[in-house]
Amino acid sequence: MFIALVRNEVLKLLRRRRFAIVVGILFVILALVSYSQYRQLRELRTQNWRAELQERIARYENRMRRGGLNDSWARSMRAEVRRLQFYLDRGINPEQPTAPLVVRTFANAAGFLLLPLLIAVLGSDIVSAENAEGTDKLLLTRARRRWKILTAKLVTLWLFASLTLLLGAVISYAVTAPVLPAGGWDLPSFNGFSMSDTAFRVDSVRQLPLWKDALLAYGLEWYALLAVAAIALMLSVLFKSSAASIGTMLASLIGGTILTRVSPDWTAGKYLFISALPLADYYSGQAPPYDGMSMTFCITLLGAWALAALGVAYALFTRRDVFG
Amino acid sequence: MESGGDTALVAEHLTKVIGDRTIVDDVSFALRGGEVFGFLGPNGAGKTTTIRMLVGLIAPTRGSITICGHDVRRDFERALRCVGCIVENPDLYRFMTGRENLEHFARMLGVASGEIERVAALVNLAHRLDQRVGTYSLGMRQRLGIAQALLGDPRVLILDEPANGLDPAGIREIRELLRGLAAERGMAVFVSSHLLAEVELTCDRVAIIHKGRILKTGSVRELISSQRTMEFRVDDVARAHELFRARGVEAESYDDTLVAAIDETQAPPLIAALAEQGVGVFHAREKVHTLEELFLEATGGETVG
């Protein structure tokens with residue numbers, strides 16, 4: 001019987017055309033990305049990339065032969081030489097954009113602002129619209145406890161958040177595959193380079209086939225989006241108007257970003273959910289804005305924010321008086 | 001009450017206080033199966049707030065509601081499974097068709113989809129079921145709202161101002177539908193209204209609510225018959241008045257008319273006595289007061305709605 005409630009919510013979300021808007025936005029943005037990558041590809045064709053690649057490898061090898069490098073630098077150079085040699089042996093230009101690379105990059109590039117914004121578009125009015133249109137009076141008097149109705153809405157939102165991410169990947173492949181090389185899922189991908197204060201650190205570098213690397217990045221992004229959806233649901237319960245709840249979501253995403261960039265020495269900022277949001281970026285090796293933000297910390301923080309948001313949403317929704 | 005069905009809904013000492021305002025004050029009533037119960041009061045009297053408490057949208061500050069033997073606060077799902085309702089306006093999903101709306105609520109109740117055709121036919125909406133509710137007139141939304149409330153064959157039907165937006169023919173049609181549901185299916189129908197004539201025609205019993213308090217509850221006939229008087233137009237009011245007083249009948253005189261608080265069975269001996277004393281009687285008739293007059297009297301002269 002619970003599935004009937006979820007079915008109702010899915011139907012309403014689709015009928016409101018929110019998801020069509022989301023798919024439309026994804027399609028337009030990715031089509032633009034695809035076009036720019038295609039231009040880059042055409043420019044690369046005119047260059048002699050093989051000679052350039054050989055020259056780079058030779059430069060690294062000379063440097064290593066001369067010695068006097070610290071361990072980590074030597075290791076990083078060896079890794080880079082191995083990587084470049086790998087491409088050279090297979091006749092692949094490592095700088096060449098491919099459809100799988102665009103898919104992989106989408107997780108990082110869109111995961112930070114674009115996808116959370118789209119989830120906000122989907123989720124921010126899932127409760128407030130019922131309130132604004134007066135339909136909550138019927139929805140809440142049809143012999144279903146309120147917590148069941150809110151859970152159906154949460155499940156629906158999580159469903160569509162997952163679908164949005166999946167569609168992002170599918171669309172980014174679909175629009176780039178016709179114009180860029182479509183293969184290359186098993187090419188090696190290197191992740192986890194990081195800068196410490198003084199040195200370029202490679203001890204955390206992983207070499208994975210691209211498909212596996214992409215799966216990991218998408219998995220982390222998925223987790224982050226579920227947390228965003230939980231927060232969007234809370235805002236939708238808190239505000240009666242859809243505009244107010246979408247606006248608050250946008251302001252907290254953008255405002256949080258500005259805050260982490262502008263005042264990195266305000267260390268309490270690491271507890272903002274926005275600081276932990278770019279999980280895929282941190283996985284790829286980008287340094288988090290504050291010290292002491294390990295991957296475990298970020299995952300726990302997002303989980304805690306999501307749980308707190310759900311706590312507020314359920315407490316309010318199940319207890320409050322519904323006036324017109 | 002001749003139908004005398006079992007009690008379907010009991011509201012006891014319902015009170016809602018918001019801030020320092022008491023919106024509903026110690027309201028109690030019981031609803032029996034097979035009757036149409038009117039909830040009559042001007043706008044802002046607390047009708048909608050009471051209805052919101054009945055269906056669990058608002059928690060009462062004090063008091064309790066039992067529907068089909070289940071407490072609305074403690075056993076919400078079982079209590080509300082017995083109820084179909086419209087609260088305030090018939091707000092349905094405008095971006096969906098009538099059928100999709102009915103399917104939506106049928107799924108919530110676990111009701112078979114064959115029910116949709118049945119309830120749509122009851123309110124005469126079958127022909128517009130596949131159009132978006134956004135294109136409906138208020139009257140059609142009212143019908144769809146009632147159809148939605150009838151899904152799952154509830155024992156209690158709660159409708160807030162069901163006559164709103166309907167034309168006179170539509171009002172009559174809905175009135176007949178409600179009377180039929182009560183008489184044939186034994187449904188307990190609760191109708192709020194600020195229209196006295198409507199309540200008088202539709203309801204068996206009525207509660208009159210004003211400023212959050214129930215002023216009177218009783219059968220429509222009782223409330224009206226308690227207000228019945230006989231009117232006598234005579235050629236000599238003073239003598240007639242004297243004669244009435246001698247027989248222990250209180251009366252008031254206006255011009256050439258005497259008004260006595262008696263019913264028509266007491267009239268013939270009085271007329272005979274008047275004739276015997278040579279007082280000419282032009283006419284004698286029973287005067288039935290409308291609820292409107294009753295309401296004016298009960299609320300101390302404040303007008304309705």
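Every chain is numbered from 1, with letters handed out A, B, ... down the list of sequences.
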Heavy atoms of other groups near R146(A) CZ, more than 12 under 6.0 Å: yes

Salt bridge check, K16(B) against D321(A): does any charged N sit closer than 4.0 Å to a carboxylate O? yes

Does any backbone or side-chain atom of L139(A) lie under 4.5 Å from a heavy atom of chain B? Answer side chain, backbone, both or neither. both

Check this for me: Y271(A), atom OH, are more than 12 non-hydrogen atoms of other residues, nucleotides or ligands nearer than 6.0 Å? no

Chain B heavy atoms under 4.5 Å from L5(A): which part of the residue, side chain, backbone, both or neither? side chain

Of R145(A), R142(A), E130(A), R144(A), the largest count of non-hydrogen pairs under 4.5 angstrom with chain B goes to R142(A)

Is there a side-chain contact between L57(B) and F323(A) (heavy atoms, below 4.5 Å)? no

Please list, in residue-number order, every residue in residues 80-108 of chain B that has a heavy atom less than 4.5 Å from any heavy atom of chain A; write 'none' if there are none. L80(B), R81(B), V83(B), G84(B), C85(B), V87(B), E88(B), N89(B), D91(B), L92(B), Y93(B), F95(B), M96(B), E100(B), H104(B), F105(B), R107(B), M108(B)

Looking at R17(A), I want to see if its CZ is surrounded by more than 12 non-hydrogen atoms of other residues, nucleotides or ligands under 6.0 Å. no

Region of R73(B) that comes under 4.5 Å of a non-hydrogen atom in chain A: backbone

Is it the side chain or the backbone of L11(A) that comes within 4.5 Å of chain B heavy atoms, both, or neither? side chain

Would you say CZ of F27(A) has more than 12 non-hydrogen atoms from neighbouring residues, nucleotides or ligands within 6.0 angstrom? no

Would you mind checking which part of K12(A) comes under 4.5 Å of any heavy atom in chain B, side chain (CB onward), backbone (N, CA, C, O), both or neither? both

Of the listed V322(A), N8(A), I149(A), the one with the largest count of heavy-atom pairs under 4.5 Å with chain B is N8(A)

Sort out for me which of Q148(B), M53(B), E77(B) touches chain A most, counting heavy-atom pairs under 4.5 Å. E77(B)

Heavy-atom contact with chain A under 4.5 Å, split by part of A149(B): backbone

Turns out that what part of R16(A) lies under 4.5 Å from chain B's heavy atoms comes down to both

